[in-house]
Amino acid sequence: MTFRDLCAQRRSIRRYTNQPVEQDKIDYMLQCALMSPSSKRTNGWEFVVIRDEQTLRQLSAIRTYGSGMFDTATAGIVIAMNPSLTDTWQADGGIAAEHILLAAEEQGLGACWCQVYKREGAEQMVRSLCGIPETLNVLCVISLGYKDEERRNYDLDKLKYEKIHHETYTSNHSR
Ligand SMILES: Cc1cc2nc3c(=O)[nH]c(=O)nc-3n(C[C@H](O)[C@H](O)[C@H](O)COP(=O)(O)O)c2cc1C
């Protein structure tokens, strides 16, 4: 599979079967996350792996809408960031999250980003559920599991090519 095929295939998956995610797949995704680039190599991330079913179900209640993927997720990875290391912590955490999302797809798993930072009281709830100190910002929790829904791949012919500009923003796009 090419990297472009992997990108086309990766979609947010929010419903999972009850088949557990193997530990070696979790380890693989974490290795990918630990190789993600970060500003000045500050590596400001902390990853908390959640496998406990009760905690996963409690995560589904951290948001009114937007966290329902934890009704069926069989694993989750909290991405907490140290903002005292760099002002680019949101970008750094997002890149690590995307490494996890793409690695999950490559491993035959489904995954979805659940936003935590600046979402109602979600951050406090994740802090107390997962023991994360106030010194870290909780960016998101990635839900994981074997897919129990089908999503269509991205169609290369239907991408928003109009978002691409050449030399100046006002230029016309072309393919
Ligand atoms: C920063 C960010 C925050 C997101 N937050 C949520 C969320 O809280 N809940 C959710 O169900 N999906 C969330 N998503 C997933 C997006 O809804 C999804 O990526 C988008 O609709 C495109 O669909 P795709 O991932 O299938 O390509 C988030 C994605 C990103 C990048």
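What you see is a predicted model; the values in this text were computed from it and never measured. Each ligand, and each atom within it, is numbered from 1 in the order the structure gives.
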Legend entry - Stacked cation flag Arg11 on Tyr154, 6.0 angstrom / 45 deg: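 Yes; both conditions hold, so Arg11 lies above the ring face of Tyr154.
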
With sequence neighbours left out, write down each residue that passes salt bridge (charged side-chain N to carboxylate O under 4.0 Å, His left out) with [X], or none if nothing qualifies.
| X | answer |
| --- | --- |
| Glu105 | Lys147 |
| Glu120 | none |
| Arg151 | none |

Legend entry - Donor on one side chain, acceptor on other, Tyr28 and Glu106, under 3.5 Å: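 Side chains of Tyr28 and Glu106: pair found under 3.5 Å.
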
Legend entry - Shortest non-hydrogen contact between Glu123 and Val138, atoms and distance: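 In this case the closest contact between Glu123 and Val138 is OE2-N, 2.7 Å.
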
Legend entry - Residue shell around ligand 1, heavy atom under 4.0 angstrom: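 These residues qualify: Arg10, Arg11, Ser12, Arg14, Arg63, Gly66, Met69, Cys112, Trp113, Cys114, Gln115, Arg151, Tyr154.
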
